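Bear in mind that the values here come from a model prediction, so they are computed numbers and not experimental data.
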Amino acid sequence: MIEIKNIHKRFGKNEVLQGVDLTIGENRILAVLGPNGSGKTTLIKSILGMVIPNKGDIFLEGKSIKKDWKYRSTIDYLPQIANFPHNLTVQELIRMIKDLRRSRKANEAPLIELFKLQPFLNKKLGNLSGGTKQKVNILLTFMFDSPIVILDEPTSGLDPISLIRLKELIASEKEKGKTIIITSHIMSFVEEVADELVFLLEGKIYFEGTIAALKEKTQQPDFEHAIASILAKSYD
């Protein structure tokens, strides 16, 4: 379980997070949503230890992550943009990442089969399409079977079949009891996979709960209109 308590983060005069409190339980899929500049990325990077809050704390299983970098080995992270070395083959990249994360056992074979990556294993990353690179990105994320998974725009570049396989993979990972955090601009994807969501506006939590509760609060008939309703208010 992840507990975020009164997180504040400022970059210069810009206060990006303003007293965020959030609890993320096991066996849950949480979507973190909000317009550009709302604090989504800063919140995710704070959990990852890539950003140090000015105030507040984050706890994993009741233990503060401050000055404890080892906790990162329990998190699998899919970045929105993966800048792979162009001169490496897919197989070489997999081997390199396994060497870097020796503390966790890797199992890439089922993912290679799931996303049909066998024909690309000996191809250089610089020669791959964006969609194939994203499949490699997903493989590197899930092959270590960590209890916490953070996915930043995981659907980027995926074809419809690969998108279906990704949804199935996320569902199977949830069944293992994992904590899964997703950011995405694709509302249909969020609606299909997320158990609950957090909507950030100007560094604060505007809404936290289920999609059904959001539709009720905004009095909108569907999820996309509910989100649009929040955004319309933020621009007023």
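For the pair Tyr71 (side chain) and Lys66 (backbone), a donor-acceptor distance under 3.5 Å is absent. Judged by distance alone, the side chain of Thr218 and the main-chain N or O of Leu214 form a donor-acceptor pair under 3.5 Å. At least one donor-acceptor pair closer than 3.5 Å links the side chain of Ser184 to the backbone N or O of Ile186. Within the 3.5 Å criterion, the main-chain N or O of Glu196 finds no donor-acceptor partner in the side chain of Arg28. Judged purely by atom type and a 3.5 angstrom limit, Ser162 has no side-chain atom pairing as donor or acceptor with the backbone of Leu158.
The shortest distance between side-chain heavy atoms of Leu78 and Ile150 does not fall below 4.5 Å. Ile138 places a side-chain heavy atom less than 4.5 Å from the side chain of Phe115. With a 4.5 Å cut-off on side-chain heavy atoms, Met1 and Ile24 do not count as touching. With contacts defined as side-chain heavy-atom distances shorter than 4.5 Å, the pair Ser38/Phe199 does not qualify. At a threshold of 4.5 Å between non-hydrogen side-chain atoms, the residues Leu169 and Phe142 count as touching. Residues Glu61 and Glu26 have side chains in contact (heavy-atom distance under 4.5 Å, counting atoms from C-beta outward). Side-chain contact between Leu140 and Ile94 is present, with heavy atoms from C-beta onward closer than 4.5 Å. Under the 4.5 Å side-chain criterion, counting only non-hydrogen atoms from C-beta, Ile180 is in contact with Ile170.
Between His185 and Glu153, the side chains place a donor N or O and an acceptor N or O closer than 3.5 Å (distance only, hydrogens not considered). Checked by atom type, the side-chain pair Arg104/Ser73 shows no donor-acceptor distance below 3.5 Å.
Considering NE2 of His8 and OG1 of Thr42, their distance stands at 14.0 Å, rounded to 0.5 Å. Rounding to the nearest 0.5 angstrom, the gap separating the NZ atom in Lys5 from the CG atom in Asp21 is 9.0 Å. Between atom CG of residue Leu139 and atom CD of residue Glu113 there is a gap of 12.0 Å, rounded to the nearest 0.5 Å. The CD1 atom of Ile205 sits 11.0 Å away from the CD1 atom of Ile7 when rounded to the nearest 0.5 Å. Atom CD of Gln118 sits about 6.0 Å away from atom CD1 of Ile112, to the nearest 0.5 Å.
The pair Asp159-Lys135 meets the salt-bridge criterion, since a charged nitrogen lies less than 4.0 angstrom from a carboxylate oxygen. Using a cut-off of 4.0 Å between Lys/Arg side-chain N and Asp/Glu carboxylate O, Glu173 and Lys176 are scored as salt-bridged. Taking a cutoff of 4.0 Å between a charged side-chain nitrogen and a carboxylate oxygen, Lys174 and Asp195 qualify as a salt bridge. Taking the charged nitrogens against the carboxylate oxygens, Lys167 and Glu192 do have a contact shorter than 4.0 Å, which makes a salt bridge. Using a cutoff of 4.0 Å between basic side-chain nitrogens and carboxylate oxygens, Lys63 and Asp68 are scored as salt-bridged.
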- [ ] Walk me through it: do Leu197 and Val32 pass the test side-chain contact (heavy atoms from CB on, under 4.5 Å)?
- [x] CA-CA 6 Å; Leu197 62 92; Val32 180; over 6 Å; no

- [ ] Dump the intermediate steps for side-chain contact (heavy atoms from CB on, under 4.5 Å) on Asn6 and Lys55, then the final yes or no.
- [x] CA-CA 7 Å; Asn6 195 33; Lys55 181 181 177 182; 3.4 Å; yes

TODO: Output, in order, the C-alpha distance, side-chain angles, deciding distance and verdict of salt bridge (charged side-chain N to carboxylate O under 4.0 Å, His left out) for Glu92 and Lys124.
DONE: CA-CA 9 Å; Glu92 288 169 340; Lys124 290 189 176 182; over 6 Å; no

Task: Full working for salt bridge (charged side-chain N to carboxylate O under 4.0 Å, His left out) between Lys9 and Glu15 - done: CA-CA 6 Å; Lys9 182 60 185 178; Glu15 194 166 8; over 6 Å; no

Open item on the list: Apply side-chain hydrogen bond (donor to acceptor under 3.5 Å, both in side chains) to residues Ser64 and Asp57 and explain how you reach the verdict.
Closed with: CA-CA 7 Å; Ser64 172; Asp57 205 350; 2.9 Å; yes

Open item on the list: Test side-chain contact (heavy atoms from CB on, under 4.5 Å) on Phe189 and Leu163; report intermediate values, then the result.
Closed with: CA-CA 9 Å; Phe189 172 74; Leu163 180 57; 4.1 Å; yes

TODO: Evaluate the criterion salt bridge (charged side-chain N to carboxylate O under 4.0 Å, His left out) for residue pair Lys178 and Asp145; output intermediate values, then yes/no.
DONE: CA-CA 9 Å; Lys178 295 188 178 186; Asp145 198 28; 2.7 Å; yes

- [ ] Please assess Lys45 against Asp152 for the test salt bridge (charged side-chain N to carboxylate O under 4.0 Å, His left out), listing each intermediate value before the final yes or no.
- [x] CA-CA 11 Å; Lys45 289 186 175 180; Asp152 191 357; over 6 Å; no

- [ ] Test side-chain contact (heavy atoms from CB on, under 4.5 Å) on Ile4 and Leu43 and set out the steps.
- [x] CA-CA 9 Å; Ile4 299 167; Leu43 179 61; 3.8 Å; yes

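Both the sub-6.0 Å distance and the 45° axial angle are satisfied by Arg101 relative to the ring of Phe144.
Smallest separation of non-hydrogen atoms from Leu17 and Ser46: CD1-OG, 4.3 Å.
Applying the 6.0 Å contact sphere to CD1 of Ile161 captures no more than 12 heavy atoms from other residues, nucleotides or ligands. For Lys215, the NZ atom sits in a packed shell: over 12 heavy atoms of surrounding residues, nucleotides or ligands are nearer than 6.0 Å. Glu216 CD: 12 or fewer foreign heavy atoms inside a 6.0 Å radius.
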